[in-house]
Amino acid sequence: MAERSELLKEKIKALPENPGVYIMKNAAGEIIYIGKAVVLRNRVRQYFNNSPKLPKVQAMVDNIADFEYIITLSEKDALTLEANLVKKHKPKYNILLKDDKHSPYIKIDTSVPFPTLEVTRKLKKDGARYFGPYFNGISVRDVVNIIKTAYGMRTCSNKMKVNKNSRECLDYFIGLCKAPCTERVTEAEYRETVNRVIAFLTGKDDGAEKLIEERMARAAENEDFERAITYRNQLAILKKLNERTVANLGNISDIDLFGYVSDGSGAAVSVCLVRGGKMMGVRNFYVTDAGLGYSDTMLGFLGQYYRKDSFVPPEVCLPDEVESAAALGESLASLCGRKPEIVFPKIGTKKSLLLCAEQNASDFLSKCSAEEKRKADMTAGACERLANVLGIPSAHRMECYDISNISGVDKVSSQVVFIGGAPSKSDYRKYKIKTVEGANDFASMEETLKRRFERAKAGDEKFSDLPDLIVIDGGKGQLSFAHAAMTSLGYNIPMVGLAKREEEIFTVGSSEPILLSKSDNALKLLQRIRDEAHRFAITYHRTLRKSRYISMLEKIPLVGPTKAKILLAAFPNFNDIKEADEATLTAIEGIDKASARSVVEYFKTRANEKDVK
């Protein structure tokens with residue numbers, strides 16, 4: 001530790017006084033944090049001085065074994081590079097927004113003769129009008145349905161062809177479209193409809209409510225109560241839409257306002273969106289970041305929040321000053337083609353909206369903190385607890401193995417990996433057992449472990465990361481075979497077996513199992529990884545078995561791959577297909593009489609051949 005500290009001090013002294021990005025790594029060489037700096041030497045030095053640090057920062061610093069840096073020409077370049085590297089490497093201590101989808105918008109392309117209502121997640125500079133996003137109980141589909149009900153604007157393909165001799169679709173006959181495709185409405189009349197829809201979406205037309213109320217009343221009179229309920233629900237959505245109007249915003253109608261609250265270990269950021277003078281709602285995010293304070297966290301968050309094809313409003317409001325605000329504006333300009341104004345309101349309506357966002361952030365943080373603690377106890381905390389129970393240095397990276405077969409046929413095994421108490425699915429591996437005859441789970445487990453560690457010994461990168469703990473699905477016998485296979489190749493990694501009946505934990509060299517309370521997070525972690533290994537093995541086994549059955553069915557005259565899949569989907573198990581009569585098979589959609597007869601005759605012939613033998 002002392003040697004590492006001296007090496008880091010020497011590297012810090014050699015840091016340049018330029019803007020750039022620093023990349024922190026742990027002892028395994030993994031990137032754990034990426035940050036940007038106006039002056040690299042000053043910023044990196046702050047992590048290693050003796051001043052008190054927030055728990056999340058200190059946790060990251062304790063894991064730093066080395067760092068690298070990249071010099072950039074400007075603060076803006078550093079900010080952009082940081083965001084790109086975080087997205088690429090996903091470091092443990094950086095902000096990683098889980099919601100990676102763009103919000104849905106309503107698109108109206110007014111450059112075409114008969115515009116359609118289109119729902120899209122991509123904002124393009126194509127001259128079309130975009131409205132949204134919609135959330136907080138309002139779905140973009142709800143808004144589209146209201147528009148169809150009240151105004152009759154079409155939602156079909158952009159490539160609509162006008163043909164008065166063609167037949168209208170169902171939407172026309174139930175009053176949800178004016179059918180411009182069959183010239184039921186002129187281009188000028190349809191353009192007026194489009195203008196009213198745009199006015200409605202910008203809060204300048206309130207006729208929709210009256211129109212839907214009239215439709216609801218007619219439906220009720222006609223005792224069409226199901227449709228009347230649909231209209232009633234649309235009126236409730238309309239009420240929510242109308243409640244979003246924000247007064248006294250002057251000439252500014254499109255702004256994003258960010259509220260920020262931290263409890264030292266985590267933070268919440270709430271984004272209040274105003275579009276066209278209307279409050280569209282608030283989005284809440286729980287974030288953890290090992291930056292040195294509010295400024296680092298907000299800049300890191302904004303780098304993840306605004307992406308290519310995102311809508312960046314003309315004005316972005318933050319609760320307090322951030323360093324590199326000018327660089328932030330330049331970075332956002334590269335996304336939207338114009339530089340938004342970064343402001344820090346102290347009075348007025350915008351300040352009130354910031355306080356609203358902050359209250360949402362505070363409420364969200366209080367809820368998330370309890371949930372994050374529960375998750376931490378179930379994952380990283382459970383790893384630490386398990387390591388203490390077993391008396392091993394760490395259980396951070398765990399591998400679990402399971403065997404699956406039916407009467408020794410289609411024998412497979414699975415290897416699942418948990419890192420920090422959570423599945424790492426990219427590290428999962430599956431094996432088809434090659435050397436074992438019959439249903440011998442012990443020998444199958446031995447083969448699996450030998451193949452895994454032979455690959456590691458040969459330098460295969462896919463198997464080079466070794467676990468801190470290996471979990472075997474089974475008791476003492478399974479554990480012994482697995483451990484012998486591993487040690488025969490020169491490895492001696494801690495290994496346990498989990499016996500399902502009593503959930504006993506068997507360790508190497510001890511005849512007495514460890515029994516933990518069913519509420520113990522360490523046992524729950526072992527159960528989760530064991531169950532996941534079982535699920536993964538079963539899934540692979542079923543895939544192989546299905547492939548074998550399809551191959552068998554394809555040998556039957558008149559039955560190809562398509563009909564084979566239909567048969568397997570129609571019956572719960574393969575024996576039911578073999579025993580089905582012609583009438584039962586013909587009743588299945590996609591199976592004709594000739595094919596059904598062929599299947600019955602095929603399996604009858606096979607059964608007779610077995611009887612003769």
Mark yes or no for whether [X], through its side chain, and [Y], through its backbone, hold a donor-acceptor pair below 3.5 Å.
{"X": "Asn94", "Y": "Lys90", "result": "no"}
{"X": "Ser331", "Y": "Leu328", "result": "no"}
{"X": "Tyr69", "Y": "Leu40", "result": "no"}
{"X": "Ser295", "Y": "Glu323", "result": "yes"}

Distance alone, cut at 3.5 Å: any donor-acceptor contact between the side chains of [X] and [Y]?
{"X": "Gln46", "Y": "Asn42", "result": "no"}
{"X": "Thr72", "Y": "Lys36", "result": "no"}
{"X": "Asp256", "Y": "Tyr306", "result": "yes"}
{"X": "Asp402", "Y": "His534", "result": "yes"}
{"X": "Tyr428", "Y": "Glu532", "result": "yes"}
{"X": "Gln527", "Y": "Arg530", "result": "no"}
{"X": "Asn492", "Y": "Thr487", "result": "no"}

Pairing of [X] and [Y] as salt bridge, 4.0 angstrom limit:
{"X": "Arg535", "Y": "Asp531", "answer": "no"}
{"X": "Glu68", "Y": "Lys25", "answer": "yes"}
{"X": "Lys92", "Y": "Glu30", "answer": "no"}
{"X": "Lys411", "Y": "Glu447", "answer": "no"}

For residues Ile538 and Ser404, report the shortest heavy-atom separation together with the two atoms involved.
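So the two residues come closest at CD1-OG, 3.5 Å.
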Apply the test salt bridge (charged side-chain N to carboxylate O under 4.0 Å, His left out) to residues Lys13 and Glu10: give CA-CA distance (whole Å), side-chain angles for both, the deciding distance (0.1 Å), then the verdict.
CA-CA 5 Å; Lys13 289 178 183 178; Glu10 290 302 315; 3.7 Å; yes
For this output row, return yes or no: ring centroids of Tyr47 and Tyr22 closer than 6.0 angstrom.
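Aromatic pair counts; centres sit under 6.0 Å.
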Ring centres under 6.0 Å, that's the criterion: do Tyr260 and Phe301 meet it?
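No: the rings miss the under 6.0 Å criterion.
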From Leu365, Asn360, Leu257, Asp363, residue fulfilling side chain to side chain contact (heavy atoms under 4.5 Å, CB included) relative to Ser270:
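Exactly one candidate clears the test, Asn360.
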Test side-chain contact (heavy atoms from CB on, under 4.5 Å) on Leu15 and Phe67 and set out the steps.
CA-CA 11 Å; Leu15 280 167; Phe67 67 83; 3.8 Å; yes
Heavy-atom neighbours of Lys11 NZ exceed 12 at 6.0 Å:
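For Lys11, atom NZ is crowded (more than 12 foreign heavy atoms under 6.0 Å).
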Does the side chain of Leu526 reach to within under 4.5 Å of the side chain of Met398, using non-hydrogen atoms?
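Touching, per the 4.5 Å side-chain cut-off.
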For a 4.5 angstrom cut-off between non-hydrogen side-chain atoms, does Asp62 reach Gln58?
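A side-chain contact under 4.5 Å exists here.
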Show the numbers, then the answer: is there a side-chain contact (heavy atoms from CB on, under 4.5 Å) between Asn388 and Glu384?
CA-CA 6 Å; Asn388 290 335; Glu384 188 176 341; 4.2 Å; yes
Tyr305 and Val271: side-chain contact (heavy atoms from CB on, under 4.5 Å), yes or no, with the steps?
CA-CA 10 Å; Tyr305 181 76; Val271 189; 3.7 Å; yes
Yes or no on side-chain contact (heavy atoms from CB on, under 4.5 Å) for Met378 and Leu525, after CA distance, side-chain angles and deciding distance?
CA-CA 7 Å; Met378 294 290 288; Leu525 175 60; over 6 Å; no
Test: Arg429 cationic atom under 6.0 Å from Phe463 six-membered ring centre, within 45° of axis
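Yes - Arg429 lies over the ring of Phe463, closer than 6.0 Å to its centre and within 45° of its axis.
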